[in-house]
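Before any comments, here is the structure.
None of these values were measured; they are calculated from a predicted model.
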Amino acid sequence: SDAAAAVVVVTGAADTTEGQGWWKHQYSGSGAPHIDAAAAEGYLEVVTAVSSVFSEVAPLATGGDAHAALSPTGSDRRPYARAALLIAWLHFASGAVDVDATVPLGGGAVIGYLDLMFAAEEAILAPATTDKELLDLELRLGRARFAT
């Protein structure tokens with residue numbers, strides 16, 4: 001007999017993307033979030049299932065981990081790039097961005113959503129990536145909000 005296994009990723013049904021402040025509020029542990037706790041936890045599970053950055057390099061097991069990742073400080077660009085990456089993955093996890101979406105890069109250029117995400121992960125994980133490259137990456141990831 002043969003055995004087979006497959007990973008199935010189930011995303012939410014959101015129809016709009018949200019900004020960093022909105023996501024920080026969802027994982028802040030205070031106030032009244034716009035999504036229920038089970039959905040918020042589920043989104044983190046989706047992100048850890050598809051990302052090589054979260055949880056392998058940056059913890060993302062709890063809402064507190066997510067809030068910390070979404071609240072970078074200091075002059076190092078890498079935490080800011082990770083925050084932009086997390087937001088873009090949360091767009092996917094919530095269902096606001098489809099797996100086959102394209103992201104406008106300006107000047108009529110587009111990139112596949114997953115191509116952008118995996119290139120971003122590689123850049124964030126590469127120690128030689130410069131602050132300038134990380135800043136450019138943050139800007140491209142910010143455009144993922146407008147994926148179609």
Side-chain angles (χ1 to χ4, degrees), residues 7 9-107 109-148:
V7 175
V9 176
V10 178
T11 62
D15 55 6
T16 60
T17 59
E18 303 293 348
Q20 184 170 355
W22 189 92
W23 284 111
K24 281 176 63 173
H25 176 67
Q26 305 319 299
Y27 293 104
S28 69
S30 63
H34 300 291
I35 56 176
D36 64 51
E41 182 179 318
Y43 295 163
L44 297 182
E45 289 176 9
V46 169
V47 173
T48 59
V50 296
S51 174
S52 297
V53 172
F54 306 102
S55 281
E56 288 84 355
V57 175
L60 196 65
T62 67
D65 292 339
H67 190 266
L70 292 167
S71 306
T73 60
S75 60
D76 181 7
R77 291 303 327 164
R78 201 163 306 273
Y80 293 90
R82 279 195 303 263
L85 179 68
L86 177 54
I87 293 164
W89 275 131
L90 288 168
H91 293 159
F92 170 74
S94 70
V97 176
D98 291 329
V99 69
D100 60 352
T102 58
V103 178
L105 295 178
V110 297
I111 186 172
Y113 182 80
L114 288 182
D115 292 334
L116 172 63
M117 297 304 288
F118 293 131
E121 294 223 340
E122 285 181 30
I124 289 169
L125 292 171
T129 304
T130 66
D131 279 353
K132 167 77 170 90
E133 291 168 327
L134 290 168
L135 181 58
D136 290 344
L137 177 63
E138 290 171 52
L139 296 173
R140 285 193 306 274
L141 287 167
R143 291 178 179 257
R145 225 179 140 176
F146 306 104
T148 57

Q | Pairs satisfying salt bridge (Lys or Arg N to Asp or Glu O under 4.0 Å), at least one member in residues 12-38, at least two apart | A | none
Q | Heavy-atom closest pair, residues S30 and H25 | A | O-CE1, 3.6 Å
Q. Quick one: CG on L90 to CG on L86, what's the gap to the nearest 0.5 Å?
A. 4.5 Å
Q: Hey, could you give me the CD1/OH distance between I111 and Y113, rounded to the nearest 0.5 Å?
A: 12.0 Å
Q: Quick one: closest heavy-atom pair of V46 and V9, and the distance?
A: CG1-CG1, 3.7 Å
Please set out all donor-acceptor pairs under 3.5 angstrom arising from side-chain atoms of residues 141-148, sequence neighbours excluded.
none

**Q.** Short N-O contact, D136 and K132, less than 4.0 angstrom
**A.** yes
(Q) Treating Y27 as the side-chain partner and A40 as the backbone partner, does any N or O pair qualify as donor plus acceptor under 3.5 Å? (A) yes
(Q) With rounding to the nearest 0.5 angstrom, report the OG1 to CG distance, T102 to D115. (A) 10.5 Å
(Q) Treating S94 as the side-chain partner and H91 as the backbone partner, does any N or O pair qualify as donor plus acceptor under 3.5 Å? (A) yes
Q) Given side chains that start at C-beta, do those of W22 and I35 come closer than 4.5 Å, heavy atoms only? A) yes
**Q.** Minimum heavy-atom distance between G74 and Y80, given as atom pair plus value
**A.** O-OH, 3.0 Å
**Q.** With sequence neighbours excluded, residues passing side-chain hydrogen bond (donor to acceptor under 3.5 Å, both in side chains) with S55
**A.** none
Q) For the atom pair CZ (F92) and OG1 (T11), what is the distance rounded to the nearest 0.5 Å? A) 5.5 Å
**Q.** Closest contact, heavy atoms only, A83 versus Q20
**A.** CB-NE2, 4.3 Å
